[in-house]
Protein chains: 2
Amino acid sequence: MNLAQFANTIGLSASTVSRALNGYADVSAETRRRVEVAAERLGYRASAVGRRLRTGRAEAIGFLLAPPRGSSVNFFQLEMLAGIDEALRATDYHLVVITAKSEQDEFDCLRRMVEQRQVEAVLLCRTRRTDERIIWLLRRHYPFAAVGRSETPEPFPFLDIDHAASARMACERLIGLGHRRIALVNTPAALMYSAHARQGYEQALLAAGLRRSRALVLHAEMTEAAGQAAVCALLARSAPPTALICGDDVLALGALRALEAAGMQAGRDVAVIGCGDIPMARFATPPLTTFRAPFRAAGQRVTEMLVQTLAGKPAAGLQEIWTPELVVRASDGGARGMQ
Amino acid sequence: MNLAQFANTIGLSASTVSRALNGYADVSAETRRRVEVAAERLGYRASAVGRRLRTGRAEAIGFLLAPPRGSSVNFFQLEMLAGIDEALRATDYHLVVITAKSEQDEFDCLRRMVEQRQVEAVLLCRTRRTDERIIWLLRRHYPFAAVGRSETPEPFPFLDIDHAASARMACERLIGLGHRRIALVNTPAALMYSAHARQGYEQALLAAGLRRSRALVLHAEMTEAAGQAAVCALLARSAPPTALICGDDVLALGALRALEAAGMQAGRDVAVIGCGDIPMARFATPPLTTFRAPFRAAGQRVTEMLVQTLAGKPAAGLQEIWTPELVVRASDGGARGMQ
DNA sequence: CTCTACTCCAAAATCGATTCTGTTGACAAC
DNA sequence: GTTGTCAACAGAATCGATTTTGGAGTAGAG
């Protein structure tokens with residue numbers, strides 16, 4: 001059922017029908033009612049494609065799912081997805097999900113989406129220190145928002161979880177528990193939040209008067225196996241660390257395995273603190289002390305920010321940093337007798 | 001950059017440019033090359049919206065994410081999402097994700113998507129015994145494919161995991177371990193796979209010569225809390241079951257909690273077998289014996305099936321049932337000494 | 001009565017592609 | 001010389017909406 005056909009069957013012109021359905025003022029109340037009733041009865045719905053062509057709006061935003069880095073798909077992205085969709089329901093945008101295999105492929109997908117104007121704006125996550133995607137989008141003045149920051153000087157709308165804060169809090173907590181040899185098992189160095197975690201970690205060491213040489217940072221791919229391997233290497237040192245801060249829970253899970261393999265017990269022999277509070281964290285042995293951030297709410301909020309960006313609000317006012325919350329369980333050995 | 005503008009700047013007509021880029025034969029090789037080079041240099045890309053309007057193809061398929069039933073978003077849907085997207089990459093369709101809050105809302109979202117022709121076909125999961133969505137899509141002859149079956153008589157393309165088989169295998173295994181009072185803590189009765197699980201369970205009981213009155217089935221919402229509550233009620237009976245088959249790992253996790261609360265140990269006092277092999281299953285205490293199905297591959301395959309449906313292949317040839325694989329861990333008590 | 005203002009609807013242009021139908025010129029066949 | 005065929009391109013219609021412009025009818029002011 002066409003607009004033309006529909007207008008014809010109810011004896012009105014296409015323009016009047018369109019204006020009636022879109023709430024224009026120069027349509028009499030009676031006519032509008034008649035059109036609405038007929039549309040409902042005959043099941044007429046304006047074609048989205050026709051409307052989009054005419055208005056030039058894609059009515060969609062794209063969410064670029066980060067390519068699986070090692071392990072399987074990420075927990076936090078699904079949470080974000082739910083939040084994004086929830087926020088989008090209040091608008092007339094719908095959601096196009098874009099996933100890619102590799103980082104190069106990811107960029108190509110983004111380009112294609114944008115250049116073909118499939119989406120009016122995009123949502124990014126897993127930002128990198130120098131992020132090709134962000135640089136490209138900024139240069140083209142294409143609207144976007146990101147979960148995570150980047151080192152590009154131009155401002156853009158973002159919502160980030162404060163991983164400097166979580167690493168600092170983790171480090172302070174471990175120092176408070178008496179640890180002096182604290183290692184940071186960090187996520188890949190190219191990721192922006194990896195750098196933040198390192199900053200927070202080093203700040204806390206400095207603030208506690210520990211010499212800079214005490215800093216012990218290494219990077220691992222985001223898989224349990226990589227975390228395990230990294231921690232194995234750490235334990236083989238002459239003076240192994242007594243505490244581990246992990247940039248991601250997956251790495252922490254690997255750390256737990258490495259400790260177990262070495263006959264040690266997390267929380268007693270070596271303290272472990274993770275980051276992310278993935279569902280498995282609660283079930284690890286020992287249960288993982290970690291940091292939690294509300295990713296669903298973050299997805300919701302960053303979507304609102306994107307919508308405001310599309311409405312013309314400048315990026316400077318659309319930058320938020322949320323502080324994650326410490327979830328104390330057993331792996332850091334600090335809750336003994338408390339639970 | 002328009003088709004018209006682009007054609008103009010390179011001194012050709014719009015139709016010739018379009019035919020050149022779309023591989024028509026009545027364009028000389030030299031002209032085609034010239035157009036392609038210019039398109040690359042000037043960054044011309046045909047607008048997807050214009051093309052869609054003209055060709056009448058939405059070039060997109062929709063994936064209806066099941067509304068979160070109780071707990072947070074489902075693990076298996078994200079795996080499917082990855083598989084779907086992977087399969088779609090081989091085609092020119094892209095993916096529109098639709099999520100909904102409730103089942104009623106879900107149906108409305110589907111209707112809107114379909115009636116506005118936003119997508120050419122849809123992918124469903126979490127099918128129900130009588131599934132409003134499937135009935136509606138069938139009646140409209142709208143192409144779709146589902147992960148999961150339904151009781152509607154008309155055939156449609158589906159890929160299902162054989163939950164009758166997994167329940168039967170679970171039950172046989174428990175009987176083999178000497179259990180006689182085996183309960184099925186099942187997912188909500190409206191779900192199709194819930195009914196299949198029940199069938200498999202009852203078949204196994206019958207085959208083992210256990211009287212039908214031995215069957216003990218109850219349903220719970222898909223949350224840990226609901227599973228815990230259900231199992232608490234079971235344990236309070238005069239002759240509590242010695243083994244539990246859970247329709248979903250989340251329920252099994254709840255069962256584990258209920259046992260712990262009752263001072264019992266899963267795998268020793270009561271055997272527990274789950275279903276799904278969610279990431280947490282491995283980390284439960286004791287680690288959960290459960291069934292695993294390759295959901296990523298399933299997403300990939302069901303997408304291929306949908307594409308074939310769009311190509312006109314009849315539904316009868318597009319129905320697959322995959323058998324899940326038992327993952328033996330400790331919660332069923334059958335692996336003692338084996339690991 | 002005439003002029004202006006206003007309400008309500010219709011006609012036509014427009015968005016950006018694809019595709020059907022012509023048109024031109026070259027060349028061969030008769 | 002005429003006709004027919006073919007390659008290679010151009011023109012115009014079309015998809016389904018929105019939006020600008022125009023126009024008929026009515027009412028009120030002078």
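All chains are named by letter (A, B, ...) in the order of the sequence lines, taking the proteins before the strands, and each is independently numbered beginning at 1.
Rounding to whole angstrom units, CD of residue B:Glu59 and P of D:dC15 are separated by 18 Å. Distance A:Gln118 CD to C:dA17 C1': 14 Å, rounded to the nearest Å. In this structure, the CD atom of A:Gln116 is 20 Å from the P atom of C:dC15, given to the nearest Å. What separates CZ of B:Arg33 from C1' of D:dA8 is a distance of 18 Å, to the nearest Å. Between the C1' atom of C:dT21 and the CG atom of B:Asp26 lies a distance of 12 Å, rounded to the nearest Å. Remark: P of C:dG16 and CG of B:Leu53 are 12 Å apart, rounded to the nearest angstrom. The separation between B:Gln5 atom CD and C:dG16 atom P is 8 Å, rounded to whole Å. A:Arg34 has its CZ atom 11 Å from the C1' atom of C:dC9, to the nearest Å.
B:Ser47 comes within contact range of the sugar-phosphate backbone alone, with a heavy-atom separation under 4.0 Å but no base atom that close. Using a 4.0 Å heavy-atom criterion, one finds that A:Thr55 contacts the sugar-phosphate atoms exclusively. Within the nucleic acid shown, B:Ser28 comes within 4.0 Å of sugar-phosphate atoms alone, with no base atom in reach, counting heavy atoms only. Contacts of A:Arg32 with the nucleic acid, taken as non-hydrogen atoms under 4.0 Å apart, are absent. Contacts of A:Val49 with the nucleic acid, taken as non-hydrogen atoms under 4.0 Å apart, are absent. When heavy atoms are screened at a 4.0 angstrom cut-off, B:Asn2 is found touching the sugar-phosphate backbone but no base atom. B:Arg52 comes within 4.0 angstrom of nothing in the nucleic acid, heavy atoms only. Residue B:Tyr44 is in sugar-phosphate contact alone, with no base atom involved, counting any heavy-atom pair closer than 4.0 Å across all strands shown.
Salt bridge present: A:Asp85 and A:Arg89 bring a charged side-chain N and a carboxylate O closer than 4.0 Å.
When each of A:Ala14 and B:Gly11 is assigned the nucleotide of DNA chain D bearing its nearest heavy atom, the one mapping closer to the 5' terminus is B:Gly11. Place B:Arg19 and A:Arg19 on DNA chain D by their nearest nucleotides, and B:Arg19 ends up nearer the 5' end.
Annotation: cation-pi geometry not satisfied between A:Arg32 and A:Tyr24 (NZ/CZ under 6.0 angstrom from ring centroid, within 45° of ring axis).
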Let me see the working for A:Arg296 and A:Glu86 under side-chain contact (heavy atoms from CB on, under 4.5 Å), right down to the final yes or no.
-> CA-CA 9 Å; A:Arg296 191 195 212 98; A:Glu86 213 159 306; 3.7 Å; yes
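Residue A:Thr16 has a polar side-chain atom (N or O) positioned under 4.0 Å from OP1 or OP2 of C:dA10.
Of the possible donor and acceptor atoms, one in the side chain of B:Asp131 sits under 3.5 Å from a partner among the backbone N and O of B:Arg133. A distance-only check finds a donor-acceptor pair linking the side chain of B:Glu120 to the backbone of B:Ala58 [under 3.5 Å].
Among D:dC9, C:dC9, D:dT18, the nucleotide with an atom closest to any side-chain atom of A:Arg51 is D:dT18. Closest to the B:Leu12 side chain, of the nucleotides C:dT18, D:dC9, C:dC15, is D:dC9. Comparing D:dT18, C:dA10, C:dG16 by their nearest atom to the side chain of A:Leu3 picks out D:dT18. Among the nucleotides D:dT18, C:dG16, D:dA10, the one closest to the side chain of B:Arg54 is C:dG16. Among the nucleotides D:dC9, C:dA17, C:dT19, the one closest to any side-chain atom of A:Arg117 is C:dA17.
A donor and an acceptor atom sit less than 3.5 Å apart, one in the side chain of B:Ser15 and one in the base of D:dG11. Remark: the B:Ser18 side chain and the C:dA17 base include no donor-acceptor N/O pair separated by less than 3.5 Å.
The aromatic rings of A:Phe295 and A:Phe76 sit tilted relative to each other, their planes meeting at an angle between 30° and 60°.
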